[in-house]
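Just the heavy atoms: all of them, side chains too, but no hydrogens, waters or symmetry mates, feed the values below.
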Amino acid sequence: GVAARHRAVGRAGARHAPRGRPAVCRGVCFCESHVLSLSSETNNPTMLKRLTLLCLALLASMAVAAGTPDGDIEKRIAALDGVCEIKSMPAGEFAGKYEVMLTQPVDWRRPERGTFRQRVVVMHVGWDRPTLLITQGYDANLALKETYRDELSKFFDANIVFVEHRYFDRSTPESHDWRYLTAENSAYDLHRIAETFRTVYPNKWIASGISKGGTTTMLYAAYFPEDMDMYVPYVGPLCKAREDKRFAPFLAGVSTPENRAAVEAFQTEAFRRKERLMPAFRAFCEEKGYEFRLPVEEIFDYCVLEYAFSFWQWGRPVEEIPSAEASDKELLDYLLASVGPEYFTAENPTTPFFVQAARELGYYPYDIEPFREYVSVRTAKDYLRRIFLPEELRRAKFSKKLYRKVARYLEKNDPRMIFVYGGDDPWTAPGAAWTVTPDKRNMRVFVQPGGSHRTRISTLPDSMRREAIATLQGWLAE
């Protein structure tokens with residue numbers, strides 16, 4: 001009991017200590033102050049010796065629980081199976097933070113085909129704390145920031161194991177063979193990483209991801225349902241086609257008629273002024289060095305078409321939309337700030353995502369009919385292939401296998417899973433909320449009214465937020 005209380009003091013110190021000071025510093029000061037205080041009162045050498053030994057024992061127990069940034073933590077992680085590189089980083093609120101590279105098979109079905117190095121960012125609170133596995137859908141650069149801390153880690157004082165998705169940034173195989181960029185391989189990556197780090201973090205585990213990362217959380221659960229204790233996928237879609245038809249009716253009824261009319265009016269005005277805006281738009285693209293797979297006139301069209309989806313996805317204020325009286329410069333500046341043409345460039349860091357979207361994850365369509373008289377493109381159908389896919393993948397076909405596997409798992413089972421969605425976020429349209437039926441005891445879904453793709457537990461209405469946190473607390477306490 002005494003040791004447990006001292007460990008709690010050490011962890012509290014980690015949360016509130018000045019940046020750069022390890023959690024155990026406050027524990028040391030706490031014990032030393034009590035030793036000095038009691039020794040001055042008793043003036044008894046024997047008592048002082050006993051108290052000193054007691055404090056040393058307590059500090060040892062704290063070190064086991066929390067580790068130290070430059071000692072025990074790094075050594076234990078470096079010794080894990082598969083770790084080939086580890087680098088200490090500024091820890092911020094954590095007791096230690098490390099960029100770790102692990103050796104993984106590039107093809108889990110045929111390991112003899114070679115390996116690649118996958119990046120994991122580990123943020124340490126304590127060996128006895130719960131651990132949050134972030135099933136990131138993209139690169140891990142967000143986690144490199146000293147100030148980064150996921151809300152679930154804040155809520156439950158949890159360690160974080162942040163996994164960079166294969167084929168992104170430092171986790172890209174040297175061969176860059178697109179055959180091995182599959183949902184199945186990504187699930188096996190996560191399974192191996194969870195097994196590896198569970199040897200040092202034996203407490204409860206939570207898998208969580210945002211957007212594509214939320215989808216990754218769901219598919220990971222479908223492939224390895226026994227790996228995690230609970231799941232929190234945020235704003236994660238579960239698309240059933242390369243251009244999922246569920247988006248269109250959602251967008252037709254999103255928000256209010258007045259707000260939808262304002263968005264469409266801006267698009268119409270941008271198209272109406274296209275001839276006047278094109279010189280500045282073209283100059284902007286040339287200055288940035290952008291290269292596209294389509295003529296720049298068509299890229300302009302796609303920027304305007306994308307605007308409506310982006311507007312609702314990110315919850316932009318209707319009040320910021322330029323009026324019909326705005327100057328050409330004001331209108332174009334607003335469009336470029338809302339939907340930059342770099343999104344449509346031939347080669348960019350999100351290319352692996354578009355490869356996955358075209359083959360397994362799915363995406364959304366564009367509706368050009370309201371603007372038919374203005375657009376240069378004859379049809380927006382199959383735009384994903386024409387704009388985003390590398391030449392060698394132009395003939396790739398979409399498979400519903402992943403959708404069926406994940407949907408079947410969620411429909412037939414009742415994992416401890418909390419879904420979080422935004423009420424105005426278009427990605428809610430193909431979400432998995434429909435799998436949470438009244439007969440499910442564990443699964444929960446929370447939809448924030450008017451919420452965007454930025455919706456989190458902390459942004460939910462008070463009653464929803466309290467229920468979500470209490471549910472997770474209950475599962476962690478069992």
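Listed for the Asn442 side chain is a donor-acceptor partner under 3.5 Å among the backbone atoms of Asp414. Of the possible donor and acceptor atoms, none in the side chain of Thr345 sits under 3.5 Å from a partner among the backbone N and O of Tyr290. One N or O on the side chain of Glu330 and one on the backbone of Ser327 form a donor-acceptor pair closer than 3.5 Å.
Between Tyr231 and Met218 the shortest side-chain heavy-atom distance does not fall below 4.5 Å. Looking at Phe155 and Gln473, their side chains never come closer than 4.5 Å, going by heavy atoms from C-beta outward. Looking at Arg198 and Trp205, their side chains come closer than 4.5 Å, going by heavy atoms from C-beta outward. You'll find the side chain of Thr455 stays beyond 4.5 Å of the side chain of Phe446, heavy atoms only.
Aromatic rings of Phe162 and Tyr148 (six-membered ring for Trp) have centroids within the 6.0 Å cut-off, being under it. Centroid-to-centroid, the aromatic rings of Phe388 and Tyr343 come within less than 6.0 Å. When ring centroids are compared, Phe116 and Tyr180 stay outside the 6.0 Å threshold. Remark: aromatic rings of Tyr220 and His191 are distant, center separation not under 6.0 Å. The aromatic ring centres of Tyr363 and Trp427 sit less than 6.0 Å apart. In this structure, Tyr307 has its ring center no closer than 6.0 Å to that of Phe271.
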query = Can you check salt bridge (Lys or Arg N to Asp or Glu O under 4.0 Å) on Asp301 and Lys274, steps first, answer last?
reply = CA-CA 9 Å; Asp301 291 350; Lys274 178 179 178 180; 2.8 Å; yes
request  = Decide salt bridge (Lys or Arg N to Asp or Glu O under 4.0 Å) for Glu373 and Arg272; before the verdict, give the C-alpha distance in whole Å, the side-chain angles of both, and the deciding distance to 0.1 Å.
outcome  = CA-CA 9 Å; Glu373 62 179 296; Arg272 192 179 65 80; over 6 Å; no
key: Phe266 vs Phe311, ring-ring contact (aromatic ring centres under 6.0 Å, His included): CA-CA, chis, key distance, verdict   = CA-CA 11 Å; Phe266 171 78; Phe311 181 90; 9.1 Å; no
inquiry  = Pair Tyr234, His453 - check ring-ring contact (aromatic ring centres under 6.0 Å, His included), show working.
reply    = CA-CA 9 Å; Tyr234 294 91; His453 211 53; over 10 Å; no
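In this model, a donor atom of one side chain and an acceptor atom of the other lie less than 3.5 Å apart for Arg119 and Asn141. Side-chain contact, Trp108 with Asp189: a donor N or O sits under 3.5 Å from an acceptor N or O. Side-chain contact annotation: Ser376 with Glu297, donor-acceptor N/O pair under 3.5 Å absent. When only modelled atom types and interatomic distance are considered, Ser338 and Ser310 share no side-chain donor-acceptor pair under 3.5 Å.
Salt bridge annotation for Asp229-Lys204: absent, with no cationic side-chain nitrogen under 4.0 angstrom from a carboxylate oxygen. Of the charged side-chain nitrogens involved, none lies within less than 4.0 Å of a carboxylate oxygen, so that Glu164 and Arg170 do not count as a salt-bridged pair.
Thr350 approaches Phe168 most closely through the heavy-atom pair CA-CE2, 4.4 Å. Shortest non-hydrogen contact noted between Arg260 and Val254 is NH1-O, 2.8 Å.
Between Tyr364 and Tyr383, the angle of the ring planes lies from 30° to 60°, which puts this pair in the tilted group.
Within a 6.0 Å radius of OH in Tyr188, other residues, nucleotides and ligands contribute 12 heavy atoms or fewer. Open room surrounds CD on Glu291; 12 or fewer heavy atoms of other groups in view lie less than 6.0 Å from it. Around the CZ atom of Arg441, the shell of radius 6.0 Å holds no more than 12 heavy atoms that belong to other residues, nucleotides or ligands. The environment of CD in Glu226 is sparse: at most 12 heavy-atom neighbours from other residues, nucleotides or ligands sit within 6.0 Å. Applying the 6.0 Å contact sphere to CD of Glu275 captures no more than 12 heavy atoms from other residues, nucleotides or ligands.
Because its NZ or CZ atom is both nearer than 6.0 Å to the ring centre of Phe94 and within 45° of the ring axis, Arg149 counts as a cation-pi partner of that residue.
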Can you give me every donor-acceptor pair (side chain of residues 396-413, partner residue at least two apart or in another chain, under 3.5 Å) with its distance?
residue	atom	partner	partner atom	Å
Ser399	OG	Lys401	N	3.2
Asn413	ND2	Tyr409	O	2.9

